[in-house]
Amino acid sequence: MSLHVLVLGGTTEARRLAESLVAADGIRVTSSLAGRVARPKLPPGEVRVGGFGGVEGMAEWLCAHRVDAVIDATHPFAGTISFHAASAATAVHVPLLALRRPGWVPVEGDRWRVTESLADAAELLPELGSRVFLTTGRMGLAAFAALDQLWFLMRSVDAPEAPCPARMEVLLDRGPFSLEGERELIRRHRIDVLVTKDSGGDATAPKLTAAREAGIPVVVVARPPVPPGVPVAGTPEEALALLSTLTRR
């Protein structure tokens, strides 16, 4: 009898987890992608794209597809789906765990300003600099749209939609990014402040090193919490071990 695992994915860790699950004996894996990226890197196994229709819709899907466990391996800032998953899994008595890469930790020389939201980050910017390297993704740009006196270099995988800052150059790119490349971006665009979310991981961490070397401040938006009571793994390997415990395999 196979175990059906639903992976709420879209991250590098989710793809690695799906690879391990597909290779395991007696496990069927379905990865669910939000569909916000135009050309996502598809994981192995079955894949579904799009939302579930809220908590009730997800609970119905879990039952209809006989899901035995859910692993929330979404981006650390995809907060809504995480809380929907927690409520849906609880409603239909399906084990749930979260896979979250560890957050970044400041080191000596860093000039971090930690905020709770993009709006808070936007409020800080005028006092910190005038040429902003914005790496928070294409969602939520409205928080910075009123900052007409500042210039933005905005990097994302897909093109942003309005409202956006009036003075903005868009750089479409996908990580991982090299330290040398980040140094060159900061130098060439005369960046004097960096804005990022605490996404964690190595793929986009070089910008923090480059900012520290350049002596510029970094506004870090803190990640939202994992829903209460949901066990958390820091790596795909830890997630597999925790899954085995939760499902008694």
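What's counted below: heavy atoms across the whole structure, side chains too, no hydrogens, waters or symmetry copies.
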Residue pair Leu8 / Ile71, side-chain heavy-atom distance below 4.5 Å: no

Under 6.0 Å from the six-membered ring centre of Phe177 and within 45° of its axis: does the NZ or CZ of Arg174 meet both? no

Is Val221 reachable from Met154 through a run of hydrophobic residues whose side-chain heavy atoms are each under 4.5 Å from the next? yes

Please examine the side chains of Thr30 and His65, heavy atoms only from C-beta on, and report whether any two atoms are closer than 4.5 Å. no

If I compare all heavy atoms of Pro165 with all of Leu141, which pair ends up nearest, and what's the gap? CD-O, 4.2 Å

Using side chain to side chain contact (heavy atoms under 4.5 Å, CB included), reason through Leu33 and Leu42 one step at a time and then give a plain yes or no. CA-CA 9 Å; Leu33 307 180; Leu42 297 180; 3.7 Å; yes

Using a 4.5 Å cut-off on heavy atoms from C-beta on, say whether the side chain of Val220 contacts that of Thr115. no

Side chains of Ser156 and Leu172 in contact at under 4.5 Å (non-hydrogen atoms): yes

Can you see which heavy atom on Leu242 is nearest to which on Pro231, and at what distance? CD2-CB, 3.7 Å

May I have the step-by-step check of salt bridge (charged side-chain N to carboxylate O under 4.0 Å, His left out) for Glu127 and Arg113, ending in yes or no? CA-CA 12 Å; Glu127 68 182 67; Arg113 298 285 294 273; 3.5 Å; yes

Value rounded to 0.5 Å, distance of OG in Ser199 from CZ in Arg101: 6.0 Å

Tell me whether Val47 shares a hydrophobic cluster with Leu6, the cluster being built from Ile, Leu, Val, Met, Phe, Trp, Tyr side chains joined at under 4.5 Å. no

Under 3.5 Å donor-acceptor, Arg183 side chain and Leu185 backbone: no

Test the Arg190-Trp151 pair against the cation-pi criterion, namely NZ or CZ under 6.0 angstrom from the six-membered ring centroid and within 45° of the ring axis. no

Within the side chain of Glu238, is there an N or O that forms a donor-acceptor pair under 3.5 Å with the backbone of Gly234? yes

Can you see which heavy atom on Ile186 is nearest to which on Ala214, and at what distance? CG2-CB, 4.1 Å

What I want to find out is whether Glu19 reaches Arg16 closely enough, with some N-O distance under 4.0 Å, to be called a salt bridge. no

Provide the closest heavy-atom pair for Thr135 versus Lys207 in the form atom of the first, atom of the second, distance. OG1-NZ, 3.0 Å

Common cluster, Val5/Leu17, ILVMFWY with side-chain heavy-atom separation under 4.5 Å: yes

Kindly compute the distance separating CG (Leu21) from CG (Leu243), expressed to the nearest 0.5 Å. 6.5 Å

If you measure from the Lys or Arg side-chain nitrogens to the Asp or Glu carboxylate oxygens, is any gap between Arg100 and Glu13 under 4.0 Å? no

Report yes or no: does Arg138 contribute a side-chain atom to a donor-acceptor pair with the main-chain N or O of Glu161 at less than 3.5 Å? no

Are Ser2 and Ile27 close enough, and set up right, to give a side chain to side chain contact (heavy atoms under 4.5 Å, CB included), and what steps lead you there? CA-CA 5 Å; Ser2 65; Ile27 297 182; over 6 Å; no

Enter the distance from His189:NE2 to Leu153:CG here, rounded to the nearest 0.5 Å. 5.0 Å

Side chains of Leu99 and Asp72: does their closest heavy-atom pair fall under 4.5 Å? no

What about Ile216 and Trp104, same hydrophobic cluster or not, with Ile/Leu/Val/Met/Phe/Trp/Tyr joined at side-chain heavy-atom distances under 4.5 Å? yes

Same hydrophobic cluster for Phe77 and Phe144, using side-chain heavy-atom links shorter than 4.5 Å among ILVMFWY? yes

Shortest non-hydrogen separation from Ala88 to Ala59 and the atoms involved: CB-N, 3.7 Å

Near Arg188 CZ, under 6.0 Å, is it more than 12 heavy atoms from other residues, nucleotides or ligands? yes

Is Glu56 atom CD crowded by more than 12 heavy atoms from other residues, nucleotides or ligands, each under 6.0 Å away? no

Distance check, rounded to the nearest 0.5 Å: Leu118 atom CG versus Met139 atom CE? 11.0 Å

N/O donor-acceptor pair under 3.5 Å between Ser244 side chain and Leu240 backbone: no

Test: Arg223 and Glu116 ion pair at under 4.0 Å: no

Got Val22 and Arg28 here, is their nearest side-chain heavy-atom distance under 4.5 Å? no

Can you check whether Leu3's main-chain N or O pairs, donor with acceptor, with Asp68's side chain at less than 3.5 Å? no

Should Glu182 and Arg155 count as an ion pair when the cut-off is N to O under 4.0 Å? yes

Could you tell me whether the side chain of Ser82 and the main chain of Thr74 form a donor-acceptor pair under 3.5 Å? no

Report the distance from atom CG of Leu128 to atom CD of Glu123, rounding to the nearest 0.5 Å. 12.0 Å

Separation between CZ (Phe152) and CE (Met168), nearest 0.5 Å, reads 9.0 Å

On a heavy-atom basis, the closest approach of Trp112 and Val105 is CH2-C, 3.8 Å

Please check if atom CG in Asp173 has more than 12 non-hydrogen atoms from other residues, nucleotides or ligands closer than 6.0 Å. yes

